[in-house]
Amino acid sequence: MTPIMQQPFEFTYENLPEVLHRAVEALPVANPQFVITNEKLAEHIGISPVWLKSDAALQALSGNAPAIAMAYAGHQFGHFVPSLGDGRAKLIGEVIGPDHIRRDLHLKGSGRTFYSRGGDGRATLGAMLREYIVSEAMAAYGIPTTRALAVVATGEKVPRERLEQGAVLTRIARSHVRVGTFQYLAARGEDDALRALVDYEVARNFAGAPAGPERFIWFLKQVIARQAQLIAQWMCVGFIHGVMNTDNMSVCGETIDYGPCAFMDAFHPQKVFSSIDQNGRYAWDKQPVMALWNLTRLAEAMLTLFDVDRDKAIALAEAELQKFMPAFETAFETGMARKLGLQICDGEFIAITLQALADGNADFTNFFSTLTTGADVTSFFVNADICIEWLAAWRAHGVIDGALMRAANPIFTPRNHRIEQAIVAANAGDLQPLHRLLKVLAQPFEQHPDEAELALPPTAEEEVTQTFCGT
Ligand code: AMP
Ligand code: MG
């Protein structure tokens, strides 16, 4: 049975203290047109796919409906900004799926809000398609993520480095509460609102919380555990988030805010993609350290909830934060062992593997997916000897489980050059490359013989070295 969308949308976030949100007026755009809609996702989350094709949906998903903008603060590249918030986004409501999960419908690029500061509140078609492609690939890998329900072209131009087509993305999330949301309240001494926010988030996304005041430290513990898993999952598919600021870290453990992110082609542990990340703060191998840094900011923001005695509160928080690195390492080692077809794998052999890949300048995705098929992988290395030596060491590790490897090693990732090609074509009115890419990324562990070239790394001319914030 086709699920019927709840009309009107629910709005539980509005019941939270006023300091957390501001009303946003309906804001029609010049000429809204759907660029892409995600019917499968609609059904999954309890929205009628028929409605999704309707004019009512086009109006709602282009921003022509009242909504709320969420307040948050954030550490951006290490610098605290006490007031950020949805400057070009708004929450248009919540839906409950057939799985009984409540999800936010959030627009991005939908115009100015109370939190816009100097910004125009708008987003480019290219950036919104990029988020659509990458978040849907993440979902297909089974990695927790926000998802993309639709992109609507606004028919308006957005001035960036040049004039770009404007677009609005509908983002679906189990919540948009970020580390920065807690920081926003802590910076204002809003302890009651902090408690309300924890209770809200726990009720939505964290089962099994204790009832008393110990629920606050319990919540921190859960957030830490989820982030440890998430970062390990990112790293096992060669993903670099790019902008792991505290306002871009969702406490429910979903990947959020796909800006200058990327999947690596040739492996290097210190690879960075964002042009604004000059110091490599969010490089591939720095992601666990930076996640812990962000979680430490979350713990600081919640300190007054843990215990009235500050020293005791700090001790409680530290005891939990100390669990992050071991949890990450276990998750990463388990994930890498699966990629290698091994039941268990020590950190030392993973380090050797990564070193060999880096020394050989080997393509991360294709190395593992080809290793899975049993075909020759030496050609991925600039020096075949590095690979031959590594292969001997790998085989010495015991029985290799092919099924384990097939489930852990995607054949297709949204490579930057393919995303760029899809965006360039879409800007010129040709959506075929976009749909082609999305089709293989929906089943990224399967062979798609007709689309094998989508698995190839970029040629020298195709290579996109940096992803700009051209958002
Ligand atoms: P982001 O880098 O996308 O995570 O955004 C960081 C902050 O800047 C958030 O508060 C955004 O809402 C805000 N922001 C980004 N782009 C714009 C824009 N074009 N107009 C207004 N606010 C923006
Ligand atoms: Mg953001």
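Each ligand, and each atom within it, is numbered from 1 in the order the structure gives. Just so it is clear, the structure is predicted and the values come from calculations on it, not from any experiment.
Contact annotation: Gly259 has no heavy atom less than 4.0 Å from any atom of ligand 1. Contact between Arg178 and ligand 1 is absent, with no heavy atom of the residue lying under 4.0 Å from the ligand. Remark: distances from the non-hydrogen atoms of Asp120 to ligand 1 include one below 4.0 Å. At least one heavy atom of Arg117 sits closer than 4.0 Å to an atom of ligand 1.
The cationic atom of Arg215 (NZ for Lys, CZ for Arg) does not lie both less than 6.0 Å from the six-membered ring centre of Phe219 and within 45° of the ring axis.
Each of Arg204, Arg171, Arg174 was compared with Asp104 under the side chain to side chain donor-acceptor pair (under 3.5 Å) criterion, and only Arg204 meets it.
Backbone and side-chain nitrogen or oxygen atoms of Tyr115 are examined, and none is located within less than 3.5 angstrom of a nitrogen or oxygen of ligand 1.
Taking backbone and side-chain atoms together, Asn248 has an N/O/S atom less than 2.8 Å away from the Mg ion (ligand 2).
Within the listing of ligand 1, atoms 18 (C), 19 (N), 20 (N), 21 (C) sit less than 4.0 angstrom from a heavy atom of Gly121. Heavy-atom contacts of Asn248 reach the following atoms of ligand 1: 4 (O) (cutoff under 4.0 Å). If you number the atoms of ligand 1 from 1 as listed, the ones under 4.0 Å from a heavy atom of Gly119 come out as 20 (N), 21 (C).
Inspection of the Asn245 and Tyr282 side chains reveals an N or O donor paired with an N or O acceptor under 3.5 Å. At a cut-off of 3.5 Å, with distance as the only test, a side-chain donor of Glu201 or Ser175 sits close to an acceptor on the other residue.
Atom CZ of Arg117 has more than 12 neighbouring heavy atoms from other residues, nucleotides or ligands inside a 6.0 Å radius.
Looking only at N/O/S atoms, Asp257 comes nearest to the Mg ion (ligand 2) through OD2.
Using the six-membered ring where Trp is involved, Phe328 and Phe324 have ring planes that are parallel, under 30° apart on the 30 and 60° scheme.
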